[in-house]
A.B. asks: 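Okay, here's the structure, questions in a sec.
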Amino acid sequence: MAVDREMLEAIGQLMDTKLEPVYQRMDSMQNEMKTMQGEMKTMQGEIAGIKQKQEEQIQYARETRILLEDTNRKIQTLAEGHGDTVSRLRKLDCMEKTLSDVKSDVEVIKTVVSWHSEDIQQLKKA
């Protein structure tokens, strides 16, 4: 039995010797996996930051769009008001011409009334 036991111990030592490179590789792989897990956590953090910035940019774009729409409405209202102003100015030009014509007519009437008043005064004297 001692021989069997010695044989088993020799086989065990042989197995340990043969498996040592496998154990070393496995240890190396475990270390690499731990490193990769750390890098993955770092990348996940970076991705979360990128997603946050992306959401902020989307929100900023929405706010910009709303401001542009509001500005467009204001510009449209202003343009409509400008059209009304131009129309009123045209009417004002017409009114100015009419007023000028009326002034001329009043001057003529004043002159005629003055002549008629003189004629009436002369007729009263006669």
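Position 1 is the first residue of the sequence; numbering continues from there. Because the structure is a prediction, the values reported are computed rather than measured.
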A.B. asks: Would you tabulate the side-chain donor-acceptor contacts of residues 110-126 under 3.5 Å, counting partners in other chains and residues two or more places apart, or write 'none'?
C.D. replies:
{"unit_1": "Thr111", "atom_1": "OG1", "unit_2": "Glu107", "atom_2": "O", "d": "2.9"}
{"unit_1": "Ser117", "atom_1": "OG", "unit_2": "Val113", "atom_2": "O", "d": "2.9"}

A.B. asks: Distance-only check: which donor-acceptor pairs under 3.5 Å involve side-chain atoms of residues 73-97, not counting sequence neighbours?
C.D. replies:
{"unit_1": "Lys74", "atom_1": "NZ", "unit_2": "Asp70", "atom_2": "OD2", "d": "3.3"}
{"unit_1": "Thr77", "atom_1": "OG1", "unit_2": "Arg73", "atom_2": "O", "d": "2.9"}
{"unit_1": "Thr85", "atom_1": "OG1", "unit_2": "Gly81", "atom_2": "O", "d": "2.9"}

A.B. asks: Which residue is it: Gln52, Gln59, Lys53? I am looking for the one with a side-chain hydrogen bond (donor to acceptor under 3.5 Å, both in side chains) to Glu56.
C.D. replies: Gln52
A.B. asks: What's the spacing between Gln37 CD and Glu39 CD if we round to 0.5 Å?
C.D. replies: 11.0 Å
A.B. asks: Under a 4.0 Å N-O cut-off, is there an ion pair linking Glu69 with Arg65?
C.D. replies: yes
A.B. asks: Running the 4.5 Å side-chain criterion over Ile, Leu, Val, Met, Phe, Trp and Tyr, what cluster does Val102 land in, apart from itself?
C.D. replies: Val106
A.B. asks: Between the side chain of Thr35 and the main-chain N/O of Asn31, is any donor-acceptor distance below 3.5 Å?
C.D. replies: yes
A.B. asks: In Å, rounded to the nearest 0.5 Å, how long is the span from NZ of Lys51 to CD1 of Ile58?
C.D. replies: 11.5 Å
A.B. asks: From Leu19 CG over to Leu14 CG, what is the distance, rounded to the nearest 0.5 angstrom?
C.D. replies: 9.0 Å
A.B. asks: In Å and rounded to the nearest 0.5 Å, what is the CG to CD distance from Asp16 to Glu9?
C.D. replies: 11.5 Å
A.B. asks: Which residue in the set Gln24, Arg25, Met29, Gln30 passes side chain to side chain contact (heavy atoms under 4.5 Å, CB included) when paired with Asp27?
C.D. replies: Gln30
